Q: 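My questions will all concern the structure given below.
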Amino acid sequence: MKIKPVRGTHDLFGSNLAKYNEISKIVSKYAEKSNFIELKTPIFEFTNLFTKPLGSQSDVVLKEMYTFKDRNEDLLTLRPEYTTPMIRAAITNNLFNELPLKLYGIGSMFRRERPQKGRYRQFNQINFEIFGSNDSIVDIELIVLANVILKSIIPNSNIKLHINSLGKKENLINYKDNLTKYFNEKKSQLSLESIEKINTNPLRILDSKSENDIEIANKAPIIHEFLSDESITHFNEIKYGLDFYGIDYIEDPKLVRGLDYYCSTVFEFKTNELGSQDTLLGGGRYDGLIHKLGGPDIAGIGWAAGIERISLLMENIKINPCNLHIAITKEDYKDHLIKIIKYLNRNQISFYWNYKYNLKKSLSKANLSNANYAILIGENESKNNFYTVKNLITGEQSELNIDNIKDFINDKSW
Ligand code: HAM
């Protein structure tokens with residue numbers, strides 16, 4: 001039986017790997033320009049780093065974490081997200097000593113979800129966090145950065161920014177109580193899945209996909225009725241900033257996000273081009289979380305985007321095949337072959353040889369790869385110490401001394 005990969009995982013190569021590398025390159029460029037420091041954390045952490053902060057009733061903690069016992073009985077989890085490991089790492093390495101702190105990272109996350117287009121069990125995230133400021137300028141900076149990065153990677157995609165405010169923790173608790181009361185009154189009309197969430201996680205009923213639930217959720221109390229004046233001002237400032245930058249947004253009072261640590265600003269960039277996995281990027285504020293994890297009592301805000309979902313919206317990237325091939329007739333001329341290989345390597349000239357002493361096969365490979373040039377080695381070349389460079393498009397051939405090959409190649413536009 002053919003050996004199989006684990007469900008929901010995939011190998012990256014060819015155009016998909018080129019897309020991954022292109023995304024990383026663009027992200028790093030903008031991160032450095034905006035003074036973010038790169039941080040890579042281990043892919044596994046102690047399980048309790050995730051359970052409470054993400055919410056013991058969240059889908060991620062209830063169903064999706066890859067958790068296992070180490071040989072010494074420690075409970076470990078493959079990171080399902082980057083925010084909590086970043087905070088843990090900042091505490092471990094005393095990075096909060098100097099504020100504000102701006103961190104970014106790119107790496108693999110693990111969630112045991114049902115795989116489908118745009119949803120995998122191992123996937124990659126770009127992640128940005130800013131610690132140490134409550135100012136709405138920071139919310140605006142991060143949303144603008146997200147917008148610039150997405151626009152520069154997928155300029156032609158239809159992407160919409162959704163924003164909401166969940167207010168301060170106390171506003172949110174009050175709101176949740178009201179939602180629980182409302183959904184309890186409508187219990188008989190809700191889906192089983194939503195009934196289970198009424199008392200534990202009523203916010204999640206707001207983004208249920210069941211038609212009945214949606215109808216009931218549309219009439220539920222909305223968060224804005226529970227926001228403090230301070231939260232409303234903060235939210236208005238963000239909207240003013242987005243208008244100022246000319247970034248369109250949809251105010252979405254039902255946007256609550258899937259992880260428990262959020263408060264105040266939450267946002268998502270969505271597309272209608274990916275079917276049900278339509279969120280490309282999501283984030284928000286999580287004031288109080290850093291303190292809960294043992295760090296200073298400071299504010300935090302960030303976002304993450306799925307590299308695979310962004311890749312699905314990118315055009316295929318053509319991998320440039322090697323333009324210069326070597327073709328040799330017989331093993332007898334190996335000395336002459338080694339000489340040219342050393343010369344090309346020394347001069348950092350990329351070349352391809354199929355490791356075959358067979359002119360026909362090597363040339364046919366060169367033609368298949370649409371290469372423009374081949375260096376030919378046969379009896380005459382070896383005996384008289386020169387190389388024949390053939391233009392595979394025109395058929396034109398030039399006999400060259402090894403030392404002239406570099407200039408000859410540089411002269412040609414390839
Ligand atoms: P999240 O919404 O869980 O947020 O994930 C962020 C993004 O990761 C999603 O919008 C999606 O593009 C991608 N993603 C999530 N799950 C999968 C999956 N199974 N397969 C493929 N892509 C996926 C967070 O993770 C928060 N830590 C974001 C954040 C940072 N909030 C504040 N700072």
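Model, not experiment: these values are computed from the prediction. When a ligand or atom number is given, it counts from 1 through the structure's own listing order.
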Q: Which residue and non-hydrogen atom of the protein lie closest to atom 20 (N) of ligand 1, and at what distance in Å?
A: Y120 N, 3.0 Å

Q: State if R257 counts as touching ligand 1 under the rule of any non-hydrogen atom under 4.0 Å.
A: yes

Q: For E129, which part has a heavy atom under 4.0 Å from ligand 1: side chain, backbone, both, or neither?
A: side chain

Q: Could you tell me, atom by atom, which parts of ligand 1 come under 4.0 Å of a heavy atom of E81?
A: 25 (O), 26 (C), 27 (N)

Q: Atom 7 (C) of ligand 1: which of A304, S58, G284 has the nearest heavy atom?
A: A304

Q: Under 4.0 Å from a heavy atom of G283: which atoms of ligand 1 are those, numbered in the order shown and with their elements?
A: 31 (N)

Q: Report, in ascending order of atom number, the atoms of ligand 1 lying under 4.0 Å from any heavy atom of R119.
A: 19 (N), 20 (N)

Q: Taking the six-membered ring for Trp, are the ring centroids of Y355 and W353 within less than 6.0 Å of each other?
A: yes

Q: Is a donor from one side chain sitting under 3.5 angstrom from an acceptor on the other, for T271 and N158?
A: no

Q: Note the single closest protein heavy atom to atom 9 (C) of ligand 1, along with its residue, its atom name and the distance in Å.
A: T279 O, 4.0 Å

Q: Can you tell me if G258 contacts ligand 1 (heavy atom of the residue under 4.0 Å from the ligand)?
A: no

Q: With a cut-off of under 6.0 Å to the ring centre and 45° to the axis, is R79 in cation-pi contact with Y82?
A: yes

Q: Parallel under 30°, tilted from 30 to 60°, perpendicular over 60°: which one fits the rings of F235 and H224?
A: tilted

Q: In terms of side-chain heavy atoms, does T265 have a donor or acceptor partner in D139 at a distance below 3.5 Å?
A: yes

Q: Between E193 and S210, is any side-chain donor less than 3.5 angstrom from a side-chain acceptor?
A: no

Q: With a 4.0 Å cut-off on heavy atoms, does R111 reach ligand 1?
A: yes

Q: Looking only at protein heavy atoms, which one is nearest to atom 11 (C) of ligand 1, and what is the separation?
A: R309 NH1, 3.4 Å

Q: Taking the six-membered ring of Y357 as reference, does the NZ or CZ atom of K330 fall below 6.0 Å from its centre and within a 45° cone about the axis?
A: no

Q: Look at atom 26 (C) of ligand 1 and find which of F110, F123, Y261, W303 reaches it with the closest heavy atom.
A: Y261

Q: Counting each atom of ligand 1 from 1 as listed, which ones have a heavy atom of N127 under 4.0 Å away?
A: 30 (C)

Q: S350 and L324: which non-hydrogen atoms are nearest, and at how many Å?
A: O-CB, 3.8 Å

Q: Distance under 4.0 Å to a non-hydrogen atom of L280: what atoms of ligand 1 satisfy this?
A: 10 (O), 12 (O)

Q: Considering the heavy atoms of T83, write down every atom of ligand 1 situated less than 4.0 Å from one of them.
A: 27 (N), 29 (C), 30 (C), 31 (N), 32 (C), 33 (N)

Q: Out of Y262, F267, F269, whose heavy atom is nearest to atom 29 (C) of ligand 1?
A: Y262

Q: Are F128 and Y104 an aromatic pair by the rule of ring centers under 6.0 Å?
A: yes

Q: Count the heavy atoms belonging to other residues, nucleotides or ligands that lie under 6.0 Å from CD of Q397, then report whether that count exceeds 12.
A: yes

Q: State the atoms of ligand 1, each with its element, that fall below the 4.0 Å cut-off from a heavy-atom position in L281.
A: 10 (O)

Q: Under a plain distance cut-off of 3.5 Å, with no hydrogens placed, do N354 and H325 share a side-chain donor-acceptor pair?
A: no

Q: Would one find more than 12 heavy atoms of other residues, nucleotides or ligands at under 6.0 Å from atom NZ of K361?
A: no

Q: Name the closest protein heavy atom to atom 6 (C) of ligand 1, giving the residue it belongs to and the distance to 0.1 Å.
A: Q125 NE2, 3.3 Å

Q: Would K40 and E38 satisfy salt bridge (charged side-chain N to carboxylate O under 4.0 Å, His left out), going step by step from the backbone distance to the final call?
A: CA-CA 7 Å; K40 286 197 181 294; E38 187 173 10; 3.6 Å; yes

Q: Considering only heavy atoms, which of G118, P80, G8 lies nearest to atom 21 (C) of ligand 1?
A: G118

Q: Distance to 0.1 Å, residue and atom name: give those for the protein heavy atom nearest to atom 32 (C) of ligand 1.
A: G302 O, 3.2 Å

Q: Show which atoms of ligand 1 fall inside a sub-4.0 Å distance from at least one heavy-atom site of E113.
A: 16 (N), 17 (C), 18 (C), 19 (N)

Q: Heavy-atom contact under 4.0 Å between N124 and ligand 1?
A: no

